[in-house]
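As structure tokens, the structure follows; a few thoughts come after it.
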Number of protein chains: 2
Amino acid sequence: MNVTIDDVAKLARVSTATVSRTINGNYPVHESTKKRVLKAIKDLDYHPNYSAIALATKSTKSIGVLIPGIANPYFLKVTEAIENTIYKSGYIMFLCDTKNDPEMERYYINNLLSRNVDGIIVVEGPDENHLNGFFNKAAEKINVVIINGISENLNCHHVSCDQEQGMRDALDYLISIGHVNIGLLIGNNGHSFRLKKQFFIKFMKQKNIPLNKENIICLQNENELPNADNLSHLLECVLNSKNRPTAFYVGNDLMSLTLLEASKLLGLSVPSDISIIGNDNIAFTEFCSPKLSTVDYKTEILGETSAKLLLNVIENKKGDDKLEKIVIKTEFINRESCASLK
Amino acid sequence: MNVTIDDVAKLARVSTATVSRTINGNYPVHESTKKRVLKAIKDLDYHPNYSAIALATKSTKSIGVLIPGIANPYFLKVTEAIENTIYKSGYIMFLCDTKNDPEMERYYINNLLSRNVDGIIVVEGPDENHLNGFFNKAAEKINVVIINGISENLNCHHVSCDQEQGMRDALDYLISIGHVNIGLLIGNNGHSFRLKKQFFIKFMKQKNIPLNKENIICLQNENELPNADNLSHLLECVLNSKNRPTAFYVGNDLMSLTLLEASKLLGLSVPSDISIIGNDNIAFTEFCSPKLSTVDYKTEILGETSAKLLLNVIENKKGDDKLEKIVIKTEFINRESCASLK
DNA sequence: TTGAAAGCGCTAACAT
DNA sequence: ATGTTAGCGCTTTCAA
């Protein structure tokens, strides 16, 4: 069997309580006995059993992170930032891939609840569990931080990117270099895309540019690399059309990449035939050709902020129940995928 | 407080044992009482406490996955495949980023041990803990599967790619199209790179090609995207040299990318000035320009095989202690980054 | 400053 | 088929 706190206590000739106290440093222990205990711990190579601690204290020093897909580098940059900040505090992370499926999301949250994680971070994801109150119910039992989800009527802490700001800069830029016939390419799932669509419509109205509904296209699987389905969908419903947009704003960089590939397939050149501005600033955008202009979502700050917020909430749950809503600035990064029409 | 098995038992007018039995289905329970229990569970929205189960059974339905860096898509493709296979069996995964640091590796393994995970998968990583016996010691306490690590004197289960095969095909191809002055670009950490170096030397000897030691270059941070440090190191020690190789075999695709960028910086064109064959077949290689030739490491099969192996071992630990060593085939994929010298 | 002991929520051996 | 109960390994209150 494994070595337990009893073994340590026996070897050090103290009670288990004293061992616990010297480990946790939460009650006074005499220097000399502390030394004996520490030596026993070392001699026996004792490692405390987290399951027992969890049972006794309700704390597991672990959190759950839900992402819609491992294939999208954007989610993983956020995850990386989260990992980098929590491990310093001794926390460890369950990574859960929900595949953008609301039911999987519920499954994992219930699972994590059963596992007594100290908190949960939900990175984007589908709307359903926002709207049906599931997240709010979960938040009654556990600390949850939502990244870029619906924040209205939400009882969870919330960190989001300023979606309008970067997008406005990007669209302003497109217009400033002469584009009028602008398309919007978004995904089917999630709050972010809905926000972008709303803003796009609002923006075009503000600029008095008549909106061509056909210029707004939805891809089914927004978190996938370019593939036959997405490409053919794009080819059919947009790039072949007579009134093809001269520029596209694209809701995430994986889809920018798909659009880039689709253009190549059609023999269209980016940016001279078609300009592209993406979203997220995943690493790839800097190394493809042309380098993609994009809106940087500050993934590192996003992940770090969320993790710090969660840790704060966990360690200070003295019943001060104020909800945090943090907004991160975004930044339009202009690289090589936009050409002037003038 | 949370609802416990006692609450369920009380409501269903049975003992906790009966509740436990109907949940786990490991002992007979009468249909009618089973129904009562199930109803009580539903009515109370009862979720069993994993910490308590873990304490009582030593099983947590969780595994730990160690990777050297979240930034390398190759590791995440493996991770994704692992997740996809374990979640179907009700398992969940701690993701641990060791940053290629042996001490972090030990920290996480000890941590996971304390948490009573049912098994651990180590994806690549540094050599130190192979050589100093740390992994072997860990394997006495828990099931561990190593991916692409040192397999000599190893008491852990082991899944690896056939490193020589794909590389031989690649090098054969380079020679077949006229290259003789071939360089090798590898990373500093890990068994895979050492294997590649050994094989490279052996191969050149077989082909009677004199080996220029300067053609073997090591990058410090092999799991990073192209950055100033790596680029300048490359520029200095290779591409500027008079006797610059006409082709490179590169130990991973992140470094292929770095090499590609470095070439661009020097105004060299790939493949006409310099041919590149990478390793791993990360998604990027298919969408950059030129599309990179590479050796496919079958990440999906690799991850899935490892996960299935681990689950098997976990669920059948009837003391049959035979160590599994599985080798996965690799495949040279020729795309656009090699040019003939003839 | 230290020890004794109850309790965290579950499982499984034993008894019926 | 079901109930009783002794743990699993730790924390923490109460007493000393």
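Just so we're clear, the structure is a prediction, and the values are computed from it rather than from any experiment. By convention in this document, chain letters (A, B, ...) are assigned in the order of the sequence lines, proteins followed by strands, and residues within each chain are numbered from 1.
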| task | Applying side-chain contact (heavy atoms from CB on, under 4.5 Å), name anything that partners D7(B), two or more places apart in sequence or on another chain. | result | V3(B), T4(B), L44(B)
| request: Only counting residues at least two apart or in another chain, list the ones meeting side-chain contact (heavy atoms from CB on, under 4.5 Å) with E105(A). | output: L66(A), T98(A), V122(A), P126(A), N129(A), F135(A)
| query | Is any side-chain N of the basic residue among D45(A) and K141(B) closer than 4.0 Å to the acidic one's carboxylate O? | reply | yes
Are there any protein N/O atoms within less than 3.5 Å of an N/O atom in nucleotides 13-16 of chain D, and if so, which ones and at what distance?
from    : atom 1 : to     : atom 2 : distance (Å)
dT13(D) : OP2    : Y27(A) : OH     : 3.4
dT13(D) : O4     : R21(A) : NH2    : 3.2

| task | Please report how far the helix from dT1(C)-dA16(D) to dT16(C)-dA1(D) bends, comparing the axis fitted to its first five pairs with the axis fitted to its last five, to the nearest 10 degrees. | result | 40°
| task | Between dT2(D), dG9(C), dT11(D), spot the one nearest the side chain of I5(A), thanks. | result | dT11(D)
| request: Would you mind telling me which residue lines up with the more 5' stretch of DNA chain C, A56(A) or I23(B), judged by nearest nucleotide? | output: A56(A)
| said: Test of understanding: with salt bridge (Lys or Arg N to Asp or Glu O under 4.0 Å), list the residues that count as partners of K298(A), not counting sequence neighbours. | reply: D296(A), E331(A)
| said: For a quick check of understanding: with a heavy-atom distance under 4.0 Å over all strands, which category does V19(A) fall into, base, sugar-phosphate or nothing? | reply: nothing
| message | So T57(B), base contact, sugar-phosphate only, or nothing? Heavy-atom distance under 4.0 Å. | response | sugar-phosphate
| task | Could you list the residues that satisfy ring pair (Phe, Tyr, Trp, His ring centres under 6.0 Å) with F94(A), not counting sequence neighbours? | result | F94(B)
| message | Starting the side chain at C-beta, find the nucleotide from dG3(D), dC8(C), dA1(D) nearest to K58(A). | response | dC8(C)
| From dT11(C), dT2(C), dG3(D), nucleotide with atom closest to V29(A) side chain | dT2(C)
| query | In whole angstrom, what separates L113(A)'s CG from dG9(C)'s C1'? | reply | 15 Å
| query | Does the pair K99(A)/D101(A) count as a salt bridge with the N-to-O cut at 4.0 Å? | reply | no
| said: My understanding is that only residues two or more places apart in sequence, or in another chain, count here; which of them pass ring pair (Phe, Tyr, Trp, His ring centres under 6.0 Å) with Y50(A)? | reply: none
| remark: Of the listed dT11(D), dC10(D), dG7(D), the closest approach to the T4(A) side chain comes from dC10(D)
| request: Would you please name every residue forming a salt bridge (Lys or Arg N to Asp or Glu O under 4.0 Å) with K39(B), sequence neighbours left out? | output: D43(B)
| task | Using heavy atoms and a sub-4.0 Å distance, could you list which residues of residues 30-55 of chain B are near DNA chain D? By number, please. | result | H30(B), T33(B), L55(B)
| query | Are K34(A) and E31(A) within salt-bridge range, i.e. N to O under 4.0 Å? | reply | yes
| Within the pair N24(B) and dT11(C), is there a side-chain N or O less than 4.0 Å away from OP1 or OP2? | yes
Determine all donor-acceptor pairs shorter than 3.5 Å in which one atom belongs to a side chain in residues 71-82 of chain A; sequence neighbours excluded.
from   : atom 1 : to      : atom 2 : distance (Å)
N72(A) : OD1    : Y74(A)  : N      : 3.0
N72(A) : ND2    : N223(A) : OD1    : 2.9
Y74(A) : OH     : E124(A) : OE2    : 2.8
Y74(A) : OH     : N148(A) : ND2    : 3.3
K77(A) : NZ     : E80(A)  : OE1    : 3.3
T79(A) : OG1    : F75(A)  : O      : 2.8

| request: In whole angstrom, give the distance that lies between atom CG of D6(A) and atom C1' of dT11(D). | output: 13 Å
| field | Contacts of type ring pair (Phe, Tyr, Trp, His ring centres under 6.0 Å), residue Y108(B), not counting sequence neighbours | value | none
| field | Contact list for residues 21-30 of chain A, test side chain to side chain donor-acceptor pair (under 3.5 Å), sequence neighbours left out | value | S20(A)-N24(A)
| Short side-chain N/O contact to dC10(D) OP1/OP2 from S20(A), under 4.0 Å | no
| task | Let me know the distance between CG of N116(B) and P of dC10(D), rounded to the nearest Å. | result | 10 Å
| request: Ignoring backbone atoms, establish whether N2(B) has a side-chain N or O less than 4.0 Å from OP1 or OP2 of dG9(C). | output: no
